[in-house]
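Taking it in order: structure first as structure tokens, then the write-up.
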Amino acid sequence: MLYVKLTLRNLQRSMKEYAIFMLTMVISMMLMYSFMAVAFSEQVLQLSKHMDAFAQVILVVSMGLIIVIGWLISYIANFMLRKRSREFGMYLLMGMTRKQVCRMFLLEQFCMGLFAYGIGCILGLFTFQILLAIIQHIFGIAYQFAFRFSIPAAGVTFLAFLILYAYELVKEYRILHHVNIHTLLYQDQQNETVKKGRLHTLMYMLGAILCAAVGLKLFYDGMRNGIRDVEETKKLLPAVLLIIASIYACFLGLSGFLQHFLDQHKQLKYQHNRMFLLGRLQGRLRSNRIVLATLSLLTLVTICFLCFGMKFKETTDLTIHSAAPFDLQVITQHQQYIKKAAGFLAEKKLTYEDHTYQTYTHLRDDVKVKQTFAKALDHTAYDSTYYRTTTFMCYADVQRLLQLKGKKVPALEKDEYMLVVSKKQQELMESYCRKHPFTINGKPMKLRYVCTEEILQTMYFVVVPDVYVQGVKGDTFYYVAQSAKELPSAWEDQLYERCSNSQLQEYSSVRLHSSYVETSMFSYVTIVFCLFYAAFIFICAAGTILATQQLSDLEAQKYEYALLHKMGASRKTLYRLLHYQNLLYFLLPLLLPAFFMIPILNSLDIMFTTTDATTPMYMYLGITLALFFTIYLAYYALTYISCRRNLDI
């Protein structure tokens, strides 16, 4: 009974002392439950035929995040074990068996995790409603509150909880079972061995600079060359590894670099209260350099995740209308499939307007043209064989397509032509055409108009008067239809079956606007939600480790603060020192991300060059940093308040 009371007392004390750790575990369990509840929700799965894969993606991401949460739990548990090692050693000296000490500590850890799981699931019920409302808003469906407890989500979350704590409890049991009493009594006084000397510092810092320069260059070149498949993606691995190595090498040499800098500028060290602060900072850099490097890496990944998610949202919003400009679009090499698509709509007895047209890679035999429009795309992100052939359209077809969209187009004279291009390429193509005249039979044609209306999927078309394509056989047939009511997305598969013939290995592209929107929304929801899911976990993990470190170190620093107070330092001065000490420690993991984020974001931006998105990714830094620092500073504020309360001066 005495051991039960002792366990309960220690549990209460630990939950109070490590309240920030408990807060993070509650948030982690809450996020895991709420995202799992979304993945298993029938309301979400019914939004699109693609949403079945959403649960699988969320499950995979959650399994990956278990590694991060497991690392957090392992770090905090080891930290608690080290800080309480003297207590456990005293228990053994007082006659408690190792099994009893192990059982007491492990039960305490398990109860803390179980408490976090229970509270997290309860709060997750409300977080799930928020996520559900956001997803339904994205798909254009009115949100209706319906309180539901997801047993599958709770089960998967509990399984993750068991995996996390089972491994940690076994590891802690083995440590406590084999460690000797002397080690327990003096473990909290042991420091990490650090190699000293200017040579080691110089090697680390030069290695960090070299790895950063080469890694960023390789990363930029890899993104510029494209990541079209798995093999291309593998080429980025050396760049990523070099950037990671640079971060760790920098923190390995940062303490020695700081010491060398202060030795050369001693006036900075002894002014005001800097000696005390810099001493604390050097101590943390020496003993926690690997942890700080890991937190710095997590911070960089978090910021990149948030910026990428916002950029992807912009891209999705813009691509929907340009990639599927009409309710129905069929592209085929065989006109018979156009008739099948038109017949399908006729069977549905819909009110719609349609149009069939062709595109051409050459004009009439008696017409000789001069100018390759594709040269305008040389040495750009669009420089590919796909755009090497100039494609022509007749004016009547473009006029009809614009009519279906409710737009008008100026008339063309025989010596005039038009360009249909994307908005992003308008300036590039128009400038090129002004400098390089387009001629037919040696006579220059005037550029009458540049149309950026979303009526086509491809990059550009050259529109010529109808007379130049009369009697010419087209290369590709197009069929578009604009309906008074939105066509159900389920019709896309039916249309595809009609407009393709697998036996003849003939393929037709069939795209419904409604189906494309559903697919795009699925991709958007899956990618953005997973990125934000991981980002929140990373921020909380970083804040928790920093906060726990500061709160635990304060126990050893109370004597120093009390001594300063006796020497005449006022409470206001000591609180200011405490504030600066916490602030410097929280700023350490942000130093390298501040250096890396702009080059990395500029490199990632290359992925979106061929899309309609125009906002540079670094422009999202403002929103990203506001979101990041809202959570990060909340952890700092909680840490400072707790430290100030525990200082007890």
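Values below: every heavy atom of this structure, side chains too, minus hydrogens, waters and symmetry copies. Numbers here simply count residues along the sequence, with the first being 1.
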Side chain Tyr117, main chain Ala154, donor-acceptor under 3.5 Å: yes
Met597 and Cys304: CA distance, side-chain angles, deciding distance, side-chain contact (heavy atoms from CB on, under 4.5 Å) verdict: CA-CA 7 Å; Met597 67 175 64; Cys304 291; 5.6 Å; no
Neighbour count above 12 (heavy atom, 6.0 Å) for Phe149 CZ: yes
Matching residue for Ile247 among Leu252, Leu300, Thr294 - test: side-chain contact (heavy atoms from CB on, under 4.5 Å): Leu300
Tyr33 side-chain N/O to Ser150 backbone N/O, donor-acceptor pair under 3.5 Å: yes
Non-hydrogen atoms of Ser570 and Thr573 that approach each other most closely: OG-OG1, 2.9 Å
Close side-chain approach of Leu592 to Cys250, heavy-atom, < 4.5 Å: yes
Value rounded to 0.5 Å, distance of CE in Met112 from CD1 in Ile76: 9.0 Å
Ile73 side chain near Ile69 side chain, heavy-atom distance below 4.5 Å: yes
Side-chain donor/acceptor of Ser74 to backbone N/O of Gly70, under 3.5 Å: no
Leu210 vs Leu206 side-chain heavy atoms within contact, under 4.5 Å: no
Reported CZ-to-CD1 distance for the pair Phe532 and Ile539, which is rounded to 0.5 angstrom: 9.5 Å
Phe312 and Tyr524 aromatic ring geometry - parallel, tilted or perpendicular at 30°/60° bounds: parallel
Thr544 side chain near Leu23 side chain, heavy-atom distance below 4.5 Å: no
Polar side chain donor-acceptor pair, Ser296 to Thr299, under 3.5 angstrom: no
Heavy-atom closest contact (Val26 atom, Ala116 atom, distance): CG2-CA, 3.8 Å
Test item: Ser34 side-chain N/O and Leu31 main-chain N/O as donor-acceptor pair under 3.5 Å: yes
Chi angles and distances behind the side-chain contact (heavy atoms from CB on, under 4.5 Å) call for Met223, Asp605: CA-CA 9 Å; Met223 298 302 296; Asp605 234 352; over 6 Å; no
Student check: side-chain heavy atoms of Leu292 and Leu546 closer than 4.5 Å: yes
Gap separating the CG atom of Leu574 from the NE2 atom of His579, nearest 0.5 angstrom: 14.5 Å
Stepwise side-chain contact (heavy atoms from CB on, under 4.5 Å) check, Met30 with Ile122: CA-CA 8 Å; Met30 176 190 73; Ile122 294 173; over 6 Å; no
Parallel, tilted or perpendicular, as decided by the 30° and 60° cut-offs, for the rings of Phe161 and Tyr165: tilted
Side chain Tyr620, main chain Leu306, donor-acceptor under 3.5 Å: no
Separation of Tyr248 OH from Arg289 CZ (nearest 0.5 Å): 12.0 Å
Ring geometry between Tyr533 and Phe35 (parallel below 30°, tilted from 30 to 60°, perpendicular above 60°): parallel
Atom pair OG (Ser28) and CG (Leu65), whose distance is rounded to the nearest 0.5 Å: 9.0 Å
Distance-minimising heavy-atom pair for Leu242 and Gly215: CB-CA, 3.8 Å
Derivation of the side-chain contact (heavy atoms from CB on, under 4.5 Å) call for Tyr204 and Phe251: CA-CA 8 Å; Tyr204 283 135; Phe251 274 96; over 6 Å; no
Test item: Phe596 and Ser246 side chains (from C-beta on) under 4.5 Å apart, heavy atoms: yes
CG on Leu578 to CZ on Arg571, rounded to 0.5 Å: 14.0 Å
Smallest separation among heavy atoms of Ile303 and Thr624, with atom names: O-CG2, 3.8 Å
Distance-only donor-acceptor check, side chains Tyr585 and Thr639, under 3.5 Å: no
Leu583 side chain reached by Tyr640 side chain, heavy atoms, under 4.5 Å: no
Met205, CE: over 12 other non-hydrogen atoms inside 6.0 angstrom: yes
Heavy-atom closest contact (Leu218 atom, Ala239 atom, distance): CB-CB, 3.7 Å
Nearest non-hydrogen partners of Cys530 and Val61, listed with the distance: SG-CG2, 3.6 Å
Geometric class of the Trp71/Tyr75 ring pair [parallel <30°, tilted 30-60°, perpendicular >60°]: tilted
Any side-chain heavy-atom pair of Phe586 and Tyr632 under 4.5 Å: yes
